[in-house]
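By convention here, the first residue in the shown sequence is residue 1.
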Amino acid sequence: MINWSSIQLTIDDHINILLDRLKKEDFLDGFIVPKIKDYFIYIFSFFAFFSIVYLSLDTIFKKIWKNKHYLKLSNYGRADWNSRIVAFTHAIIISPFCVSLVCKYGFPWNKTENDYNEQEIDLYYKAISISLGYFLWDIFYSISDYKKGGIGFIIHGICAFIIYIFTFKNHVLGHYSMIYLNYEISTIFLNIYWTLDKLELSGSALQMVVAVLLMITFFSVRVAFGTITLSRLLYDIIFQRRVCSVYLCLYFFINILVMQALNFYWFYIMIQCKFNYFNIYNDLN
């Protein structure tokens with residue numbers, strides 16, 4: 001039987017903790033992250049790397065490879081193709097890196113703040129720097145592509161960039177980031193699926209396999225596991241470990257809410273597109 005009075009006491013205790021932190025903690029101090037300056041070189045190096053990759057692809061496909069599928073595309077289509085290769089490049093770099101770190105060092109909720117060593121912390125922030133370089137590039141691209149891509153990708157890029165900057169506030173946040181950067185696993189299959197369309201392999205067995213893998217990884221990593229671990233992160237940093245100010249915690253909450261809402265929306269769009277595709281395919285047959 002549910003003990004409602006016990007539940008009410010627990011809720012009241014947590015509200016009191018939150019209110020107490022709001023009174024005692026400084027607002028501005030919570031958003032100062034001096035540690036990030038040690039990683040500027042990595043962030044801007046990877047921003048330059050992804051920018052060079054993007055700018056060089058047009059020459060590679062038009063003049064060196066002379067890819068027939070690429071040459072058929074409009075200028076916008078070519079830019080979109082190139083941007084997806086950059087996203088794919090980032091995903092295949094960061095996903096294995098983060099998986100290896102989680103496998104080696106475990107999950108953040110199984111460790112105390114004193115269980116970390118300097119080498120481990122440095123690896124977390126180098127991984128984050130790779131993605132910050134990519135997200136910075138993505139913001140510039142999304143703004144230039146605003147009329148076609150819409151506001152959603154700009155919001156996603158800015159939210160991702162800012163939220164990972166603030167993980168430099170404490171190494172526990174850096175450790176949690178290794179889990180969320182694995183969201184990019186689904187990006188690998190998304191861009192393979194899109195490329196198969198452009199290679200005139202729409203509806204092929206290979207594309208169907210990729211579509212299934214895309215749906216599985218997107219739902220399991222971003223929607224299911226992502227929602228559970230994000231809830232755990234917020235509870236951990238607000239009520240259990242004071243690794244950052246409560247104001248930064250609340251910022252994380254708002255930012256995460258926006259990003260996770262986008263993930264749910266995009267998953268809904270993916271399902272809708274798949275159903276529409278199968279209806280059209282059945283009509284044709």
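Two rings, from H171 and Y124, have their centers 6.0 Å or more apart. Between F47 and F140, the ring centre distance stays below 6.0 Å. Note: W137 and F49 fail the aromatic proximity criterion, with ring centroids not under 6.0 Å apart.
Taking CG from L181 and OH from Y176, the interatomic distance works out to 15.0 Å, rounded to the nearest 0.5 Å. With values rounded to the nearest 0.5 angstrom, I185 atom CD1 is found 11.0 Å from I94 atom CD1. Between atom CZ of residue F46 and atom OG of residue S131 there is a gap of 9.5 Å, rounded to the nearest 0.5 Å. For the atom pair CD1 (I85) and CG (L57), the distance works out to 5.0 Å, reported to the nearest 0.5 Å. With rounding to the nearest 0.5 angstrom, the CD1 atom of I237 is 9.5 Å from the CG atom of N170. Distance check: I269 CD1 to W266 CH2 gives 11.0 Å after rounding to the nearest 0.5 Å.
In the hydrophobic cluster analysis, where Ile, Leu, Val, Met, Phe, Trp and Tyr join through side-chain heavy atoms closer than 4.5 angstrom, F239 is grouped together with I254. Placement of Y183 and Y268 within a single hydrophobic cluster is found when ILVMFWY residues are connected by side-chain heavy-atom separations under 4.5 Å, directly or transitively. Following chains of ILVMFWY side-chain contacts shorter than 4.5 Å, one can reach I41 starting from F97, so the two form part of one hydrophobic cluster. Hydrophobic clustering (ILVMFWY, side-chain heavy atoms < 4.5 Å, transitive): L233 and I228 are in distinct clusters. Under a hydrophobic-cluster definition in which Ile, Leu, Val, Met, Phe, Trp and Tyr are linked whenever side-chain heavy atoms come within less than 4.5 Å, directly or via other members, I216 and L206 are assigned to different clusters.
By the 30° and 60° cut-offs, the orientation of the rings of Y134 relative to H90 is parallel.
Taking every heavy atom of both residues into account, F252 and C244 meet most closely at CE1-SG, 4.3 Å. Residue N182 comes nearest to V99 through the heavy atom pair OD1-CG2, 3.2 Å, listed as atom of the first residue, atom of the second, then distance. Residues E120 and D115 approach most closely at OE1-O, 4.1 Å, considering heavy atoms. I188 and A91 make their closest contact through CG1-CB, 3.6 Å (heavy atoms, listed as atom of the first residue, atom of the second, distance). Contact detail for C98 and A127: the closest heavy-atom pair is SG-CB, 4.4 Å. Closest of all the heavy-atom pairs between K126 and Y42 is CE-OH, 3.4 Å.
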From CA spacing to verdict: side-chain contact (heavy atoms from CB on, under 4.5 Å), I192, F88: CA-CA 8 Å; I192 293 174; F88 180 81; 3.9 Å; yes
Can R222 and S186 be said to form a side chain to side chain donor-acceptor pair (under 3.5 Å), step by step? CA-CA 8 Å; R222 292 185 181 237; S186 63; 2.9 Å; yes
Begin with the C-alpha distance, continue with both residues' side-chain angles, and end with the deciding distance and a verdict on side-chain contact (heavy atoms from CB on, under 4.5 Å) for S83 and Y54. CA-CA 6 Å; S83 72; Y54 175 76; 4.3 Å; yes
Let's go through T187 and R84 carefully: what are the C-alpha distance in whole Å and the side-chain angles of both, what is the deciding distance for side-chain contact (heavy atoms from CB on, under 4.5 Å) to 0.1 Å, and is it a yes or a no? CA-CA 9 Å; T187 302; R84 288 175 182 273; over 6 Å; no
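Proximity of I128 to M178: side-chain heavy atoms (C-beta onward) are separated by under 4.5 Å at one or more points. Residues C249 and L234 fail the side-chain proximity criterion, which asks for heavy atoms closer than 4.5 Å. Inter-residue side-chain proximity for N263 and F218 is flagged as met; some heavy-atom pair is nearer than 4.5 Å. Side-chain contact check for Y193 versus L213: every heavy-atom pair is 4.5 Å or farther apart. At a threshold of 4.5 Å between non-hydrogen side-chain atoms, the residues L230 and F253 do not count as touching. Counting heavy atoms from C-beta on, the side chains of W194 and D80 come closer than 4.5 Å. The side-chain heavy atoms of V212 and M215, taken from C-beta on, include no pair separated by under 4.5 Å. Within the 4.5 Å cutoff, no side-chain heavy atoms of Y39 are placed close to those of S45.
Although no hydrogens or angles enter the test, the distance criterion places a donor-acceptor pair under 3.5 Å between the side chain of T217 and the main chain of L214.
In this structure, D236 does not pair ionically with R232, as no charged nitrogen and carboxylate oxygen lie closer than 4.0 Å.
A cation-pi geometry, defined here as NZ or CZ lying under 6.0 Å from the six-membered ring centre and within 45° of its normal, does not hold between K111 and Y105.
With sequence neighbours excluded, the residues that form a side-chain contact (heavy atoms from CB on, under 4.5 Å) with K37 are P34, F40. Under the side-chain contact (heavy atoms from CB on, under 4.5 Å) criterion, T229 pairs with W109, I179, Y180, F225, not counting sequence neighbours.
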Throw together a table of side-chain donor-acceptor distances under 3.5 angstrom for residues 159-169, partners on residues two or more places apart or in other chains.
residue: T167; atom: OG1; partner: Y164; partner atom: O; Å: 2.5
residue: K169; atom: NZ; partner: D29; partner atom: O; Å: 2.9
residue: K169; atom: NZ; partner: I32; partner atom: O; Å: 2.9

